[in-house]
Number of protein chains: 2
Amino acid sequence: MPPCSGGHPHPAHSLKKQPSKPTIASRPGELTIDLVAAAAGVSTATVSRFFNSPERLRKSTAARVQEVVNRLGYVPNLLAGGLSSSRTRMVAAVIPTMSNSIFSSTIQAISDTLADQGYSVVLGLTGANDQHTERQILSIIGRRPDGIILTGAVPSANTRMKLKASGIPTIETWDLPQDPIDMAVGFSHEAVGRAIGEHILRGGGRRVFIVSAGGVRALARRYGVTKMLVENGVPEPAIATFPGITTFGDGRRAVAAHLDAGGRPDVIVCSSDWGAHGALDELRRRGIRVPADVAVLGFGDIAFAGELDPPLTTVKIDGQVIGENATKFLMKRARGQNVRHRVVDVGFELIVRASG
Amino acid sequence: MPPCSGGHPHPAHSLKKQPSKPTIASRPGELTIDLVAAAAGVSTATVSRFFNSPERLRKSTAARVQEVVNRLGYVPNLLAGGLSSSRTRMVAAVIPTMSNSIFSSTIQAISDTLADQGYSVVLGLTGANDQHTERQILSIIGRRPDGIILTGAVPSANTRMKLKASGIPTIETWDLPQDPIDMAVGFSHEAVGRAIGEHILRGGGRRVFIVSAGGVRALARRYGVTKMLVENGVPEPAIATFPGITTFGDGRRAVAAHLDAGGRPDVIVCSSDWGAHGALDELRRRGIRVPADVAVLGFGDIAFAGELDPPLTTVKIDGQVIGENATKFLMKRARGQNVRHRVVDVGFELIVRASG
DNA sequence: TCGCGCCATGCAATCGCTTACAATTTCTTC
DNA sequence: GAAGAAATTGTAAGCGATTGCATGGCGCGA
């Protein structure tokens, strides 16, 4: 007899044996599918089907399982399920930070859209740091989510490679990368800049002051503005740059410093509504009228942009639509369908209000 | 010879065999620990140890594994790891919503503290809806996180039961529940209200107007204020209530409506700094001086509370400290240590600025 | 009554790790 | 140089689900 090939020596008894020797840690008494199956007098397969394709069960069977599940309070272990089906029903959302993030509406939309279908969102907060980003993304890949949604974070070339290699559907959002990792939903930041530039030209502004964040997207917008202006004979704008997102305080201080230094702008462009809000505040303190003396433009259309005094002219991005599109892509992929347009431009909207 | 005990029949060939019969779906060609082990000429246990307790490996061995891991780009499957070790290295954070959430600093702190240790955060956005909350929490329990952090969401009695039954360490934050599910890190909202009340008494305010959110915590604060005032002979405050969090617009409109209806408050208390910000704005438009004519008080100490005009008097909660404490609890529990004080009061701070 | 096809279930082999225990090595110490 | 302790590494049994395939029961036309 070939030693030990094929049949196993002791056909496993279906009865519970005394705890077999190498018992690995586990929450003792964890309620498993076997217990439920036994209690309901069905096989584990049936219980599994009860949760994943109830329509395949006879009504009476389903009812029996249902009863036991309720009575015992059984909650299937999605880890085990994910491992064996290689569908984890998780999507990862990677963003730089939680605090007053312009991306929160996108994440919210993603979570809302997916919750019905039993999906959860894992968060990856990268900060500005490249190493953090890499580590977070590695950890995320390790969890084998069904999709990864990148917003705001800019992965290094190396990290992009790893993402590609992972084979996990990946969606970049809030931008239109020239060489997408996989799919993308966003808009052109440079186009936003150009639109702002045109608006300034229409208003006849000539002494432009830009309060800009340091990220690549803010820079792209700034570039768009500047190009449009210079190409049309307006002098090169003055610029103040801040690392990270532009806050209320940043806007206020930048304007104060610029004015104190003798600047006499007729248009102030901020890379966030927060900054614009701060700018408005500083101008009011100094008795400078908006928009009579100087126009103020923002970006983002935060909740109360229209309620400021004066209401803020800004650029609105529909973060929710971005999130919805992203999950739509993901769900299609999950169903094995191919996605034709892998890059979607959701555009933007210049909202002209009283501030400029 | 005892059948098959000890020595293995065919020392596993490192070569791929033809796909064995019942092959279940899996990303084809998924790189597994076996492949890495084979390539490095060690056992799977050694590769596993390389990731989980590298100090137990001989340096030369670790280097060999490291090399292979790098060359192949292997990323361990944390699902499988979590399943077998029953430590998922995930914590769930349950909050009502992403948008301008006062809790974001707490979540950020949780994520930051845990990231070094390879933990990830799963998000549960419950909204205000009870059913959503229940579903989200069930889905979270199914993922067997190492801990659940509840902030803001108020689970139903039924859901609390399920959480308790799950045996997963659970921490309620931003409040001090009278009957905690498990552990709690927060502060007393009523005490905050009383402190605000005292501050008003010190300032001699008598015609108080409260702009309040509808949540239980906001109500507790309102109760504290009212109690303190009434007990000291100040007339019962006028109240405007809004569902959800109080926004800039809410604050502005509430004040406008109150003034239009003939209210002549000398103190306005808002249940968020956003609301207070809106109130300030409306007052300025009407030429009402702050604090000369009316004092304005907020809650939360948002980033630019101190930069408003006038700077806002408010109550500061250190959301970061809450998050850090919560994770400290969790890590202790994970290490099997017992936690002595299961409820921690992190207190609050009344920050008196020019607005009142 | 028998044959056939369809449904509803059950069986049991994975999924990719971790870890108790056993088996080797590699020091230490005398 | 040998014995015993300590440090490394290997073996293989799970973890708790999913799902391809096999099976048994039932209805229906001939």
Side-chain angles (χ1 to χ4, degrees), chain A residues 4 7-8 10-12 14 17 19-28 30-37 40-62 64-65 74-89 142-144, chain B residues 4-9 11-12 19-28 30-37 40-62 64-65 74-89 142-144:
Chain A
C4 307
H8 38 174
H10 315 288
S14 58
K17 333 183 62 164
S20 51
K21 270 180 296 177
T23 295
I24 287 186
S26 84
R27 293 181 205 282
E30 165 109 9
L31 191 52
T32 68
I33 200 174
D34 308 77
L35 265 28
V36 175
V42 298
S43 73
T44 64
T46 300
V47 178
S48 174
R49 291 188 187 110
F50 170 76
F51 285 104
N52 300 310
S53 44
E55 73 285 356
R56 291 187 47 189
L57 294 193
R58 186 178 302 162
K59 275 210 160 188
S60 60
T61 314
R64 208 142 36 101
V65 176
Y74 170 65
V75 182
N77 185 328
L78 295 175
L79 247 69
L83 177 59
S84 69
S85 68
S86 66
R87 292 180 62 242
T88 54
R89 293 168 176 285
R143 291 185 198 282
R144 307 291 192 270
Chain B
C4 306
S5 62
H8 42 165
S20 51
K21 270 180 295 177
T23 295
I24 285 187
S26 84
R27 291 181 206 283
E30 164 110 7
L31 189 53
T32 68
I33 200 174
D34 308 76
L35 265 29
V36 175
V42 298
S43 72
T44 62
T46 299
V47 178
S48 174
R49 291 189 187 108
F50 171 77
F51 285 104
N52 301 310
S53 44
E55 73 285 357
R56 290 186 48 188
L57 294 193
R58 186 178 301 163
K59 276 209 158 188
S60 60
T61 314
R64 207 141 38 101
V65 176
Y74 171 65
V75 182
N77 184 328
L78 295 175
L79 275 177
L83 178 58
S84 75
S85 68
S86 65
R87 292 180 61 242
T88 53
R89 294 168 175 283
R143 293 187 197 281
R144 307 290 192 272

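Proteins get letters first, then strands, A, B, ... in listed order; numbering begins at 1 in each.
Whole-Å rounding puts the A/Asp34 CG to D/dC15 P distance at 9 Å. With rounding to whole Å, B/Arg89 atom CZ is found 15 Å from C/dC17 atom P. Atom CG in A/Leu35 sits roughly 12 Å away from atom P in D/dC15 (whole-Å rounding). Atom CG in A/Leu79 sits about 21 Å away from atom P in C/dT14, given to the nearest Å. Rounded to whole angstrom, the span from the CZ atom of A/Arg87 across to the P atom of D/dT19 amounts to 8 Å. For the pair A/Ile33 CD1 and C/dA12 P, the interatomic distance rounds to 16 Å; values are reported in whole Å. Atom CD of B/Glu55 is separated from atom P of D/dT9 by 12 Å (rounded to the nearest Å). The distance from atom CG of A/Leu83 to atom C1' of C/dC15 is 4 Å, rounded to the nearest whole Å.
In this structure, the nucleotide among C/dG16, D/dT18, D/dG16 sitting nearest to the side chain of A/Ala80 is D/dG16. Distance from the side chain of B/Arg58 is smallest for D/dT9 among the nucleotides D/dA17, D/dT9, C/dC17.
Between B/Ser43 and D/dG10, a side-chain N or O to OP1/OP2 separation shorter than 4.0 Å is present. Side-chain nitrogen and oxygen atoms of A/Tyr74 include at least one within less than 4.0 Å of the OP1 or OP2 phosphate oxygen of D/dA17.
Sequence order on DNA chain C of the closest nucleotides to A/Arg56 and B/Val75 puts A/Arg56 first from the 5' end.
For the atom pair CD (A/Glu30) and CG (A/Leu35), the distance works out to 10.0 Å, reported to the nearest 0.5 Å. Rounded to the nearest 0.5 angstrom, A/Leu79 CG and A/Asn77 CG are separated by 5.5 Å. The structure places CG of B/Leu83 at 11.5 Å from CG of A/Leu78, a figure rounded to the nearest 0.5 Å.
Contacts of A/Leu57 with the nucleic acid, taken as non-hydrogen atoms under 4.0 Å apart, involve only primed sugar atoms and P, OP1 or OP2. Among the atoms of the strands shown, only primed sugar atoms or phosphate atoms (P, OP1, OP2) are found under 4.0 Å from some heavy atom of B/Thr61.
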List the atom pairs, with distances to 0.1 Å, where a side-chain N or O of residues 45-53 of chain B and a protein N or O form a donor-acceptor pair under 3.5 Å, not counting sequence neighbours.
from, atom 1, to, atom 2, distance (Å)
B/Thr46, OG1, B/Ser43, OG, 3.4
B/Ser48, OG, B/Asn52, ND2, 3.3
B/Asn52, ND2, B/Ser48, O, 3.1

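The nearest pair of heavy atoms linking A/Tyr74 to A/Val36 is CG-CG2, 3.5 Å.
Against DNA chain C, the stretch residues 45-52 of chain B makes heavy-atom approaches under 4.0 Å through B/Ala45, B/Ser48, B/Arg49, B/Asn52.
Not counting sequence neighbours, the partners of A/Arg87 by the side chain to side chain contact (heavy atoms under 4.5 Å, CB included) test are A/Ser85, A/Arg89, A/Tyr119, A/Asp146.
Using modelled atom types, one side-chain atom of A/Thr88 and one backbone atom of A/Arg144 make a donor-acceptor pair closer than 3.5 Å.
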